[in-house]
Student: 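I am attaching a structure below and will ask some questions about it afterwards.
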Amino acid sequence: MNAMHALKQHVQPLVEEALSELGGDPALVERLLQPAREADQGDLSLPCFPFAKTLGKAPVAIAEAMAATIKPHPSVLEIHAVNGYLNIRVDPSWLATKLLSDGLDNGMERTPRTVLIEHTSANPNGPFHVGRARNAILGDTLVRLHRLWGNEVTAEYYVDDMGKQVAVLAWALEHLDEAAVDELLADREGGNPLWSGKPDHQRVRWYQAAQRLRKESEEAANIETAIGELVHASEHGDESVLASFENAYQPVLDGMLETLARLGITYDRFTKESVFVTNGDVAQLMEELGALEINGVAENGAQFLDLGARGLKGKTEFFYRRGDGSSLYATRDIAYHRWKWSKCNELINVLGEDHKLQAQQVGLTLEELGERRPEVMFYSFIKLPEGKMSTRRGNVVFMDDLLEEAREQAAAVVTDLRPEYDEGTVNTIAEAVGTSAVRFNIINVSPEKGFTFRWEDALSFESGSAPFIMYSHTRACSIQKRVHDLGVQALPSPPVPTVDAMPEGLVHLLRTLAVRDDCLEKVIREHRPHLFAEYLLQLSNAFNAFYRDCHVMESNEVNMFYFAVSELARLTMKSGMEALGIVPLTTM
RNA sequence: GGGCGUGUAGCACAGCUGGAUAAUGCACCGGCCUCCUAAGCCGGAGAUCGCGGGUUCGAAUCCUGCCGCGCCCGCCA
């Protein structure tokens, strides 16, 4: 469907030729000839200002001269010189023919890449709140977008199954009972009773109770020692301790995954951090690091790399080995990355902005070892209007609660709009609308931007939201169903009308369909899913204009060309929605 | 203090490898259901692009200084 790319291939030589005749440098055309910023001005546009000096002519005159001399081509409808710009407008008939013959398959020669995307990897110690879930939603969307682009993707969750957080949980489950936990957390608001049986919500109370004891009780020092011993044992690969950790966290992780599954998020593989300790990779790695030129040793025998020598600013010492010889989280992460590289030819991590420094350290160390550094999509945290999200202070929105609220609100809207629907239908639609709206609300903003969560935005079902896209899609589905019911089959290459017979909404839709691959390509290259969300909004909008201007059916007569365009748009919307995790309902 | 990121209409957000009148949604004002689902469509109003310098034919975009906000600167994870 890369019709705009094809257009440029046709047009560029003609523009270069015209420019050469005037004495300009044709080598500049490739870069300068780009999609027009102003949609009403054309499809491709060449600013003529850079040629003014060498040609000794005004840009306006250059553009006019080129417009007059450029050779015609079937793909080009018209060429105008405006204010020093050469504006080229695609012939919509040519475009329609091209789009319909290419179909969803964009016909570009691409070798699919093997991509490993690690995302979420949240500590399994409690339920997702909206802030932690941003990682999973962005990561899963990236996975889906890569699949749409034709890449082979493995989505991976790195399970932090050792270290302090799990140790605290395991300790709590071992040493506290229900009554003790209740007492320790007595001053807290009770959570939503809906989740009282969900293990992530249950067990996080044990974790929180233990956190209190660690800070506030008289035995704090003893507890700290006990937990320290557990951590130490896990870092040395003690199997019984690791097994007790797993018993502690696995139900929590299952509960967390249940929440994500509701959002359509699943993983192909879970890799446990402890694996790299028990299989010897970490020991081997530390040995190699110790032999590096930039290795340093502290007084107590701890070892670090001097990454300042490799351009790292700020704190330059990167410790990878403690004085007692055990590894650190980042060390294991490096071992994990080497393993990941053996499984793919492209590696992407989704990380919170708090991991930027560590990602630098891991990346530089990998390069020092002769490996490539992974690509990273960083995202900023989600705040609440009241400030930073914090479970401890109760300033938190749980994903489970948000999804429930979203479903209820959506159900209210459906019941209001479609009173004839039965309860089952309402629930199906409400669940789809609710989860899709929540996802879209997070995908829609650029990852590096701080984000303030507001209920009214998350639950907005109007223009600029997932339900808007979903609704446009159901219109296309409705058309398909009606045509199908008439017993009419789509034609592979229907007669394409001339430009004069094409309403504005149709032309706009064709041009929007034509730029999908350019958008997707950029999204994949730059890890910026929000641009595709933006595109899908535009496409839905364009479809609505087409729907307004072009009636596929007039008194049971099917316009085969309109139907073909409608179907192409429907399938493009559907695949795009799936790539964003929006549920493509056929009716709503 | 140092490093990284961010600042665009009342609110939210796009545009940032320099290019024409800064896009979109919410909220606000007005219009459209004898016609494929009005969760829609059309029109209107609303912006000193944080502030000051610089580079350029041209700056929201690049450079620089300042200001606000966020994150990081553990032999934690």
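Treat the numbers as computed from the prediction; the structure is a model and nothing was measured. Below, chain A is the first sequence line, B the second, and so on; all start at residue 1.
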Student: Taking Tyr249(A) for the side chain and Ala167(A) for the main chain, is one N or O donor matched with an acceptor at less than 3.5 Å?
Tutor: no
Student: Given the C1' atoms of rG10(B) and rA47(B), what is the spacing between them in whole Å?
Tutor: 12 Å
Student: On the side chain of Ser446(A), is there an atom forming a donor-acceptor pair with the base of rA14(B) - under 3.5 Å, no angle test?
Tutor: no
Student: Please report, rounded to the nearest Å, how far the P atom of rA77(B) is from the CD1 atom of Ile334(A).
Tutor: 13 Å
Student: Taking atom P of rG15(B) as reference, at what distance in whole Å does atom CD of Gln34(A) sit?
Tutor: 16 Å
Student: Any cation-pi pair here, Lys356(A) with Phe378(A), using under 6.0 Å and within 45°?
Tutor: yes
Student: Checking all strands, does Lys383(A) fall into the base, sugar-phosphate, or nothing category for heavy-atom contacts under 4.0 angstrom?
Tutor: nothing
Student: Looking across every strand, which nucleic acid part, if any, lies under 4.0 Å from Leu417(A) by heavy atom: base, sugar-phosphate, or nothing?
Tutor: base
Student: Considering only the C1' atoms, how many Å lie between rA9(B) and rA60(B), rounded to the nearest integer?
Tutor: 14 Å
Student: Tell me what Leu32(A) touches on the nucleic acid: a base, only sugar-phosphate, or nothing, going by heavy atoms under 4.0 Å.
Tutor: nothing
Student: Identify whether any heavy atom of Cys550(A) sits under 4.0 Å from a base atom; if not, whether one sits that close to sugar-phosphate; answer base, sugar-phosphate or nothing.
Tutor: base
Student: NA contact type, Val552(A), heavy-atom cut-off 4.0 Å: base, sugar-phosphate, or nothing?
Tutor: base
Student: With heavy atoms under 4.0 Å as the rule, sort Asn544(A) into base, sugar-phosphate or nothing.
Tutor: sugar-phosphate
Student: Under the 3.5 angstrom rule, does the side chain of Lys8(A) hit a backbone N or O of Glu30(A) as a donor-acceptor pair?
Tutor: yes
Student: Checking side chain to side chain donor-acceptor pair (under 3.5 Å) against Asn349(A), which of Glu375(A), His337(A), His119(A) comes through?
Tutor: His337(A)
Student: Just call it for Leu486(A): base, sugar-phosphate, or nothing, with non-hydrogen atoms closer than 4.0 Å on any strand.
Tutor: nothing
Student: Heavy atoms under 4.0 Å, any strand shown: does Gln538(A) hit a base, just sugar-phosphate, or nothing?
Tutor: nothing
Student: Has the side chain of Asn441(A) got a donor or acceptor that lies under 3.5 Å from a partner of the other kind on the base of rA12(B)?
Tutor: no
Student: Provide the distance between the two P atoms, one in rC13(B) and one in rA59(B), to the nearest whole Å.
Tutor: 27 Å
Student: Tell me whether the NZ or CZ atom of Arg134(A) lies within the 45° cone about the ring axis of Tyr379(A) and under 6.0 Å from its centre.
Tutor: no
Student: Donor-acceptor pair, Arg475(A) side chain versus Asn544(A) backbone, under 3.5 Å?
Tutor: no
Student: Among the nucleotides rA39(B), rC57(B), rC71(B), which one has an atom lying closest to any side-chain atom of Phe461(A)?
Tutor: rA39(B)
Student: Base, sugar-phosphate, or nothing for Met588(A), non-hydrogen atoms under 4.0 angstrom?
Tutor: base
Student: Base, sugar-phosphate, or nothing for Arg454(A), non-hydrogen atoms under 4.0 angstrom?
Tutor: sugar-phosphate
Student: In whole Å, what separates the C1' atom of rC49(B) from that of rC35(B)?
Tutor: 44 Å
Student: Between rU55(B) and rU6(B), how many Å separate the two P atoms, rounded to a whole number?
Tutor: 26 Å
Student: Taking rA20(B) as the reference, what is the distance to rA45(B) when you measure between their C1' atoms (whole Å, please)?
Tutor: 24 Å
Student: Name the stems with RNA chain B in them: runs of three or more consecutive Watson-Crick or G-U pairs, distances under 3.5 Å?
Tutor: B:1-7 with B:67-73, B:10-12 with B:24-26, B:28-32 with B:40-44, B:50-54 with B:62-66
Student: Counting side-chain heavy atoms from CB outward, which of rC76(B), rU8(B), rC41(B) is closest to Arg548(A)?
Tutor: rC41(B)
Student: If you look at every strand shown and take non-hydrogen atoms under 4.0 Å, does Gly323(A) touch a base, only sugar-phosphate, or nothing?
Tutor: base
Student: Is it the case that the base of rC75(B) and the side chain of Asn300(A) share a donor-acceptor contact (distance under 3.5 Å, atom types as modelled)?
Tutor: yes
Student: Between Arg332(A) (side chain) and Ser327(A) (backbone), is there a donor-acceptor pair under 3.5 Å?
Tutor: yes
Student: Begin from the C-alpha positions of Asp518(A) and Tyr535(A) and carry the test side-chain hydrogen bond (donor to acceptor under 3.5 Å, both in side chains) through to its verdict.
Tutor: CA-CA 11 Å; Asp518(A) 285 327; Tyr535(A) 171 75; over 6 Å; no
Student: Side chain of His355(A) only, please: which of rA77(B), rA20(B), rA39(B) is the nearest?
Tutor: rA77(B)
Student: P atom, rG68(B) versus rC16(B): distance in rounded Å?
Tutor: 28 Å
Student: Taking the C1' atom of each, how far is rC71(B) from rU17(B), in whole Å?
Tutor: 26 Å
Student: Could you encode protein contacts along nucleotides 24-35 of chain B as a string, one character per nucleotide from 5' to 3', using B for base contact, S for sugar-phosphate-only contact and - for no contact, with a heavy-atom cut-off of under 4.0 Å?
Tutor: -SS--------B
Student: When the distance from NE2 of His530(A) to C1' of rU6(B) is rounded to whole Å, what number comes out?
Tutor: 14 Å
Student: To the nearest angstrom, how far is Arg31(A) atom CZ from rU17(B) atom P?
Tutor: 12 Å
Student: Report which part of the nucleic acid Arg528(A) touches: base, sugar-phosphate, or nothing (heavy-atom distance under 4.0 Å, all strands).
Tutor: sugar-phosphate
Student: Grab the CZ-P distance between Phe319(A) and rG74(B) for me, whole Å please.
Tutor: 10 Å
Student: So what does Val483(A) touch, heavy atoms closer than 4.0 Å: a base, only the sugar-phosphate, or nothing?
Tutor: nothing
Student: Check the side chains of Tyr336(A) and Glu156(A) for a donor-acceptor pair under 3.5 angstrom, ignoring hydrogens and angles.
Tutor: yes
Student: Give me syn or anti for rC33(B), where syn covers glycosidic angles within 90 degrees of 0.
Tutor: syn
Student: Check every atom of rC36(B), rA14(B), rC72(B) against the side chain of Tyr547(A) and return the nucleotide holding the closest atom.
Tutor: rC36(B)
Student: How would you label the contact of Ala298(A) with the nucleic acid (heavy atoms, under 4.0 Å): base, sugar-phosphate, or nothing?
Tutor: base
